[in-house]
Amino acid sequence: MQGIMQDWQLTTNKILEHAKRINPTREIITRRVGGEIVRTSYSQLHDLSKQVSGALIEGGIGLGDRVATLGWNSARHMAAWYGTMGIGAVLHTINPRLHPDQIAWIANHAEDKVLILDTTFLPIIEAVKDKFETIKTYVIFADADNMPENSLGAIAFDDWVAGKSLNASWGDFPEETACGLCYTSGTTGNPKGVLYSHRSNVLHTMITMSKDAMGMGANDVVLPVVPMFHANAWGLAFGCPATGANMVMPGAQMDGASIYELLDTEKVTITAAVPTVWLGLLTYLRENDLKLPHLNKVLIGGSAIPDAILRAFETEYEVDVIHAWGMTETSPLGTLGSLPPHLMDADIDTRMTQKLKQGRPPFGVELKIVDDENNDLAWDGETSGRLVVRGPAIAAGYFKGDGGNVLDENGFFDTGDVANMDEFGTMQITDRAKDVIKSGGEWISSIDIENIAVGHPKVANAAAIGIYHPKWDERPLLIIQAAPGEEPSKEELLAQLEGKIAKWWTPDDVAFIDEIPLGATGKINKLKLREIFKDYKLPTA
Ligand code: AMP
């Protein structure tokens with residue numbers, strides 16, 4: 001027997017329609033690239049998004065077409081987002097911190113037809129524009145007066161949408177329709193596309209709004225420093241309009257002074273970013289003897305949170321820290337570190353030890369730890385195993401089938417993280433099985449660095465591993481086994497990488513080793529290397 005309830009399709013346009021109807025005057029406050037502050041109500045955002053839909057339809061864009069953005073967090077970016085998703089086209093957020101060649105590769109792989117970008121990124125795109133195979137239309141997030149000279153034949157966003165009707169029809173498709181596309185470099189090989197559906201995004205939104213997750217409401221003012229190109233700004237680009245919370249968009253300025261100014265003037269109650277951002281803010285607060293009277297909650301994730309940041313927020317500034325773990329593939333929230341009931345009254349050290357762990361999964365995320373034969377391991381807070389995850393907002397594969405089947409026989413996705421779980425479901429990451437380096441919340445491909453380094457005639461073998469760094473969490477160390485009779489210098493090895501990788505991927509140091517350890521299959525044994533170099537101190541640390 002079936003239930004007799006309505007079939008209300010979970011499509012993301014309903015989020016903005018709800019915002020316009022229920023919280024029309026709540027706002028998105030944007031610091032634009034030029035520095036000026038602009039306020040856009042949810043009612044205005046809705047209409048602007050409809051105009052984006054109109055412009056896209058006029059340009060021949062429809063169901064399933066990919067529209068890319070290369071943009072900072074802003075109201076215009078939100079309009080591009082909802083205007084694209086509303087008509088069933090797919091909003092592809094591109095990470096501007098990638099090497100320009102990689103951006104071109106991703107745009108071609110995604111077969112993007114439109115690219116909407118901030119002026120900041122114009123030089124990157126102009127440099128590789130001849131490599132784009134499918135982009136027909138370039139739009140710049142600007143008005144005519146602030147439109148930069150460009151060789152793309154781009155149109156100003158405000159002109160692109162001007163005069164478009166508000167009649168574009170939204171949500172005329174099933175909830176399983178693709179909605180957003182976000183490539184991740186947190187896997188081996190080429191970046192892979194995670195293809196969110198409307199249903200997965202709406203369900204993830206509901207998960208994020210719950211009290212032990214982000215728990216925002218219509219009275220909150222939320223500052224997502226985490227970019228929209230990082231897995232939907234951790235869901236905030238949906239959760240804020242869904243609840244009616246104000247959004248404060250920092251644009252390109254994420255230094256301590258700029259973030260503090262927004263926290264203070266807009267009376268921000270909830271904010272979210274990777275640990276590196278908070279180091280900048282805390283330094284600025286201390287240097288200027290400032291407090292955070294309005295801020296209730298800071299979400300910190302993307303990398304493990306250092307003890308010093310946690311304690312500073314909690315004890316010096318009385319801000320509740322919510323440590324979060326997740327992945328692009330998990331939409332992204334997987335666990336959150338709200339204190340469980342049995343520890344609410346525990347002493348400060350017990351509470352801080354708990355908060356340094358990655359947290360507990362909200363309803364809608366199923367976690368397990370398993371051994372190499374996929375047997376479940378005990379939740380005793382000590383036994384470590386591969387962390388696998390299942391749920392309605394977890395990837396079932398990658399775009400175009402890249403990477404093959406990623407689910408086990410029970411439908412669990414292997415995160416590549418190694419963790420333990422305690423009896424109350426608190427997850428703690430203890431290691432990483434995947435061969436990548438995460439610096440300041442962004443991935444660095446060790447394999448790309450190694451492939452270029454071994455191309456040097458004086459090198460027999462090369463490996464790149466992440467070494468602890470107090471500011472960036474990890475920075476790459478290049479480890480070299482010289483070719484017989486050769487003694488390559490650090491400088492010539494780094495010169496070999498120059499121009500072929502993004503500048504910030506450049507290893508902080510080069511170490512030499514007689515023989516790089518190999519595993520049974522001839523692959524570099526990274527676990528062994530990490531063990532050998534576990535006490536290595538980078539000159540930059
Ligand atoms: P991304 O897809 O770029 O969001 O990266 C996801 C990966 O970042 C995870 O699989 C972890 O390896 C790492 N990560 C994310 N959050 C945390 C955290 N709170 N602590 C430790 N590692 C994290």
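Read the numbers this way: they start at 1 and go in the same order the structure lists the ligands and their atoms.
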Would you say the side-chain atoms of Ser185 and Ser445 include a donor-acceptor pair closer than 3.5 Å?
-> no
Which residue and atom name correspond to the protein heavy atom nearest [atom], and how close is it?
| atom | result |
| --- | --- |
| atom 20 (N) of ligand 1 | Gln358 NE2, 2.9 Å |
| atom 21 (C) of ligand 1 | Ala304 N, 3.3 Å |
| atom 5 (O) of ligand 1 | Lys438 NZ, 3.0 Å |
| atom 7 (C) of ligand 1 | Trp443 CZ2, 3.4 Å |
| atom 13 (C) of ligand 1 | Gly302 O, 3.7 Å |
| atom 6 (C) of ligand 1 | Gly326 O, 3.3 Å |
| atom 9 (C) of ligand 1 | Asp417 OD2, 3.2 Å |

Any salt bridge linking [X] with [Y]? Criterion: basic side-chain nitrogen under 4.0 Å from a carboxylate oxygen.
| X | Y | result |
| --- | --- | --- |
| Asp376 | Lys368 | yes |
| Asp347 | Arg351 | no |
| Arg286 | Glu316 | yes |

Any side-chain to backbone donor/acceptor pair from [X] onto [Y]? Under 3.5 Å, distance only.
| X | Y | answer |
| --- | --- | --- |
| Thr134 | Lys113 | no |
| Thr430 | Val418 | yes |
| His99 | Gly499 | yes |

Compute the minimum heavy-atom distance from [X] to ligand 1 and say whether it is under 4.0 Å.
| X | answer |
| --- | --- |
| Ala324 | yes |
| Glu442 | no |
| Ser303 | yes |

Ile429 to ligand 1: N or O pair under 3.5 Å?
-> no
At less than 4.0 angstrom from any non-hydrogen atom of [X], what atoms of ligand 1 do you find?
| X | result |
| --- | --- |
| Arg432 | 12 (O) |
| Thr328 | 1 (P), 2 (O), 3 (O), 4 (O) |
| His323 | 18 (C), 19 (N), 20 (N) |

Parallel, tilted or perpendicular, as decided by the 30° and 60° cut-offs, for the rings of Trp72 and Phe229 | tilted
Please confirm whether His230 and Trp234 have ring centers closer than 6.0 angstrom.
-> no
